[in-house]
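No experiment lies behind these values; they were computed from the predicted model shown.
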Amino acid sequence: MPGPDKALTARRFLVPLDVVLEVDDELCPWNAGRWQLVVGPDGRAVVTRTDAPADLALDVSALGTAFLGGTRLTTLAAAGRVRESTPGALARASLAFLHDDEPACLEMF
């Protein structure tokens, strides 16, 4: 199972961003910790572990939900699944995680 560094660098983001995410992952504790997500003007991300203070805190399921691009981080925060430590970080990250294509499942089950 890829960690946040591998997963987040595999997708593109809508706008540039520099944010530190504190991720909680009880199932795969090696993914837990603080990750700095830096997105350039081309939408490509660089993700590294960091000791810097977190701008946002969330569990891996909330990160996975935002990763798909169909649910905004602001919506997850309103549900208590994302906590903002740095004012403005939530709005910037929520915009960056948006995607033109909504996630969809083409299979019936």
Taking all non-hydrogen atoms of both residues into account, name the closest pair between [X] and [Y] and its distance.
| X | Y | value |
| --- | --- | --- |
| D55 | A89 | CB-CB, 3.7 Å |
| S85 | A54 | CB-O, 3.2 Å |
| P16 | P41 | CG-CA, 3.8 Å |

How long is the gap from [atom1] on [X] to [atom2] on [Y], to the nearest 0.5 Å?
| X | Y | atom1 | atom2 | value |
| --- | --- | --- | --- | --- |
| T65 | R81 | OG1 | CZ | 5.0 Å |
| D59 | L27 | CG | CG | 11.5 Å |
| W35 | D5 | CH2 | CG | 4.0 Å |
| T50 | Q36 | OG1 | CD | 5.5 Å |
| D25 | L58 | CG | CG | 10.5 Å |
| L95 | R72 | CG | CZ | 6.5 Å |

Could you tell me whether the side chain of [Y] reaches within less than 4.5 Å of the side chain of [X], counting heavy atoms only?
| X | Y | value |
| --- | --- | --- |
| P4 | L21 | no |
| F97 | L8 | yes |
| L37 | F13 | yes |

Point to revise | Flag if over 12 foreign heavy atoms under 6.0 Å of CG, D51 | key: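 No, the 6.0 Å shell around CG holds no more than 12 heavy atoms from other groups.
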Check your understanding: Would the number of heavy atoms belonging to other residues, nucleotides or ligands and lying under 6.0 Å from CZ of R44 be above 12?
Key ->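 For R44, atom CZ is not crowded (no more than 12 foreign heavy atoms under 6.0 Å).
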Same cluster for [X] and [Y] if Ile/Leu/Val/Met/Phe/Trp/Tyr side chains link at under 4.5 Å?
| X | Y | value |
| --- | --- | --- |
| V19 | L14 | no |
| L56 | L98 | no |
| V47 | V20 | no |

Review point. Do any N or O atoms from the side chain of R11 and from the backbone of A45 form a donor-acceptor pair under 3.5 angstrom?
Key: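 No, because the side chain of R11 does not come within donor-acceptor range (under 3.5 Å) of the backbone of A45.
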Practice item. Spell out, as yes or no, whether a donor-acceptor pair under 3.5 Å connects the side chain of E84 to the backbone of L90. Key: yes
Review point. For R49 and R34, what are the C-alpha separation, side-chain angles and deciding distance, and is it a side chain to side chain contact (heavy atoms under 4.5 Å, CB included)?
Key: CA-CA 6 Å; R49 280 203 182 267; R34 292 188 191 134; over 6 Å; no
